[in-house]
Amino acid sequence: MQERPTHPTIAARCDIDSPQRSESSLRRWRRLITWTSVPLALLFLGYFEVVRDHKVYRAGPLSTLHENAKTQSHTLLKDDCRGCHSQVGQPALRVFTFNDAARSVLDKDCRKCHEKRQSHDHNELMITGSVRDCVMCHREHRGKSQLSQVAVALCAECHTDLKTSTGVNNFARNIPSWEEHAEFAAFRPISPGDWNTELPGPDHLIHKLAEHIGGQWRDKAHLRFNHHVHLPPEGILTPWDYKKGTPEGSAAAEVGSYRKLLKCETCHATDEGGVYMQPISFERHCQECHPLVFSQRLHRQGGPLPHGIEFQSVVRDARDRFRDDQQQFPAGGSGPQSDAPRLPSKPSKSERASNLDAAEAAVGRRNAEGNVLRNVKQGCAYCHDFEPYPEDAVGEFEVRVIPPELPSRWMPHSRFRHDRHHEYACVICHNPDHLQDNGQLVMATNAASEKERTLHSTDTGDILMPSIGVCHKCHGTQSGPQRWPVEARSDCVECHYYHPKEFKPF
């Protein structure tokens with residue numbers, strides 16, 4: 001049995017001379033480095049302060065615009081740190097007090113240059129205090145070329161559980177990332193009874209562009225247009241007097257007809273910057289094939305009728321032209337040479353008119369004028385919708401043309417550049433068939449078949465905008481059978497502005 005230790009035996013094991021012995025070399029070096037590193041660091045920083053070289057203090061280079069910007073004292077911003085950093089010692093305060101609101105750059109420092117652009121304004125529905133200051137999102141010295149390239153995590157801080165000052169959300173409340181982004185408003189169902197549970201909300205701009213019918217959104221523009229009719233592979237048949245471009249000696253030239261091949265870019269052209277599409281106009285896109293010629297009498301008194309004015313004005317113009325033509329050519333026809341009878345045994349038009357009783361001639365003129373006016377109305381109704389005149393309005397006619405109100409942009413809450421997508425066919429994005437795309441369609445312009453590149457829209461109510469699934473094919477890192485071998489940026493600011501920008505779609 002082992003002996004129980006006693007106090008003398010325990011004391012004998014202790015080395016009472018250990019503190020008197022010399023320290024090991026490792027311990028001496030560690031103590032030397034500890035006591036010399038602090039003064040060396042202070043001397044290092046003090047040297048750069050004396051020579052006024054502040055590069056050592058910077059976390060990284062300035063953004064591109066700030067690199068060449070000048071302060072109010074006309075010095076370069078990169079050479080004047082106090083131009084932005086008006087508060088001293090804030091980084092140290094933030095470290096020791098754990099106060100994330102301690103900033104060396106205040107909003108008033110940013111507004112010295114950005115006041116005119118009002119870049120400090122936020123959305124009016126934002127809850128006060130949810131975004132404290134500019135530098136919370138726009139973080140300088142990170143090596144970014146643009147401060148507007150805000151990290152997705154900063155956007156997700158609010159948009160993962162988005163709340164508004166009114167308690168009503170017009171946009172999706174939970175968007176933690178691009179891969180989990182909600183469907184675009186034009187393809188998202190709504191429930192009018194509860195705006196808080198279904199989107200888009202009551203003030204979303206989609207309500208001005210479309211109406212929700214039968215469980216889907218429909219374009220509410222009052223204009224009859226069929227894309228499929230205008231885009232046949234053999235081209236459209238132009239009016240009989242259309243001669244421009246007709247090959248000489250061809251069968252089309254002999255019969256006075258000509259087929260013109262239309263493409264998307266025939267009517268839809270980008271603006272000077274190549275960003276957005278220019279608006280469609282009758283004069284530039286429709287008049288060539290659809291001239292407003294409803295009667296020979298009207299045409300020879302001034303050419304096609306005017307477009308783009310009130311329907312009542314068009315009818316009055318047609319009525320005045322008809323009366324002028326009646327006075328100039330009472331017998332009708334195309335002019336003095338047309339008065340000859342078609343058959344030798346028949347009287348001329350002027351002789352037939354002189355044989356009519358004056359009352360019968362007046363009735364004939366009224367009937368002819370009525371036919372002309374009906375033709376004008378039928379011609380307008382070919383593309384336009386009519387509505388009754390309001391009860392409180394005074395009008396000469398019972399109906400009026402409903403303005404088409406074609407929007408210049410369908411997604412004004414986002415931004416998009418057509419010039420960066422020019423290598424893809426238009427129908428890749430603007431095609432209702434691709435809403436049910438199973439990932440098997442080959443969308444590259446040089447590889448897609450004619451069937452896949454055909455726009456199958458036959459109704460003006462079709463909203464020919466891309467669904468988010470089409471965008472997911474290139475943007476982001478989401479994998480799957482629908483993924484294309486292209487990886488484009490997918491951060492929030494690639495498609496969205498944060499600061500309010502006034503834009504009217506009409």
Side-chain angles (χ1 to χ4, degrees), residues 59-67 117 119 122-123 131 134-160 162 171-188 270-271 273-277 409-431 434-435 437 439 441-448 465-501 503:
L62 290 173
S63 58
T64 304
L65 293 179
H66 282 175
E67 183 74 20
R117 299 181 59 184
S119 60
H122 300 286
N123 193 288
V131 179
C134 302
V135 295
M136 181 178 178
C137 296
H138 302 289
R139 300 180 179 180
E140 187 58 279
H141 304 298
R142 300 297 178 94
K144 296 180 180 179
S145 60
Q146 297 180 356
L147 285 182
S148 59
Q149 294 179 354
V150 179
V152 174
L154 293 173
C155 301
E157 287 183 10
C158 295
H159 286 271
T160 299
L162 186 63
F171 300 92
R173 295 190 304 272
N174 181 22
I175 304 182
S177 65
W178 164 245
E179 285 72 19
E180 299 175 84
H181 196 290
E183 180 57 273
F184 298 146
F187 307 105
R188 194 162 60 242
T270 57
D271 53 22
V275 181
Y276 298 111
M277 290 294 171
R409 282 175 57 187
W410 264 89
M411 296 184 177
H413 300 300
S414 64
R415 56 182 176 180
F416 181 86
R417 295 192 65 94
H418 283 88
D419 55 351
R420 295 181 182 177
H421 299 77
H422 66 277
E423 59 186 71
Y424 295 99
C426 302
V427 295
I428 291 178
C429 298
H430 303 284
N431 200 332
H434 298 165
L435 296 179
D437 181 15
L441 296 179
V442 181
M443 296 303 180
T445 306
N446 57 356
M465 298 301 296
S467 68
I468 195 171
V470 176
C471 302
H472 273 151
K473 291 179 178 294
C474 292
H475 292 270
T477 58
Q478 190 175 21
S479 61
Q482 295 185 349
R483 179 71 190 182
W484 295 349
V486 179
E487 186 171 336
R489 284 181 53 185
S490 59
D491 45 329
C492 303
V493 296
E494 179 70 7
C495 301
H496 291 285
Y497 294 105
Y498 172 81
H499 297 289
K501 293 183 179 294
F503 176 78

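This is a predicted model, so every value here is computed, not measured. For this chain, numbers begin at 1 and follow the sequence in order. All values below were derived from every heavy atom in this structure, side-chain atoms included, with hydrogens, water molecules and symmetry-related copies excluded.
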Legend entry - Side chains of Phe184 and Met465 in contact at under 4.5 Å (non-hydrogen atoms): no
Inset, instruction - Sequence neighbours left out, what passes side chain to side chain donor-acceptor pair (under 3.5 Å) with His66? Give chain and number order. - result: Glu140
Legend entry - salt bridge (Lys or Arg N to Asp or Glu O under 4.0 Å) involving Glu179 - partner list, sequence neighbours excluded: none
Legend entry - Residues in ring pair (Phe, Tyr, Trp, His ring centres under 6.0 Å) contact with His496, at least two apart in sequence or another chain: none
Side chains of residues 149-160: which donor-acceptor pairs under 3.5 Å do they make with residues two or more places apart or in other chains?
from   : atom 1 : to     : atom 2 : distance (Å)
Thr160 : OG1    : Ala156 : O      : 2.6

Legend entry - Partner set under salt bridge (Lys or Arg N to Asp or Glu O under 4.0 Å) for Glu487, not counting sequence neighbours: none
Legend entry - Heavy-atom closest pair, residues Met411 and Pro466: CE-O, 4.0 Å
Legend entry - For Trp178, ring pair (Phe, Tyr, Trp, His ring centres under 6.0 Å) partners two or more places apart: His181, His472
Inset, instruction - Kindly say whether Gly273 contributes a backbone atom to a donor-acceptor pair with the side chain of Asp271 at under 3.5 angstrom? - result: yes
Legend entry - Residues which pass side-chain contact (heavy atoms from CB on, under 4.5 Å) with Cys474, listed by chain and number, not counting sequence neighbours: Tyr424, Trp484, Val486
Legend entry - Partners meeting side chain to side chain donor-acceptor pair (under 3.5 Å) with Ser414 (sequence neighbours left out): none
Legend entry - Which residues share a side chain to side chain donor-acceptor pair (under 3.5 Å) with Gln146, sequence neighbours left out: Ser148
Inset, instruction - Give the minimum heavy-atom separation between His418 and Thr270, together with the two atoms involved. - result: CB-CG2, 3.9 Å
Inset, instruction - For Arg417, check salt bridge (Lys or Arg N to Asp or Glu O under 4.0 Å) against everything at least two apart and list the hits. - result: Asp419
Legend entry - Check: His421 ring centroid to Phe416 ring centroid under 6.0 Å: yes
Inset, instruction - Can you sort out the partners of Ala182 under side-chain contact (heavy atoms from CB on, under 4.5 Å), two or more places apart, ordered by chain and number? - result: Ala172, Arg188
Legend entry - Partner set under side chain to side chain donor-acceptor pair (under 3.5 Å) for Ser177, not counting sequence neighbours: Glu180
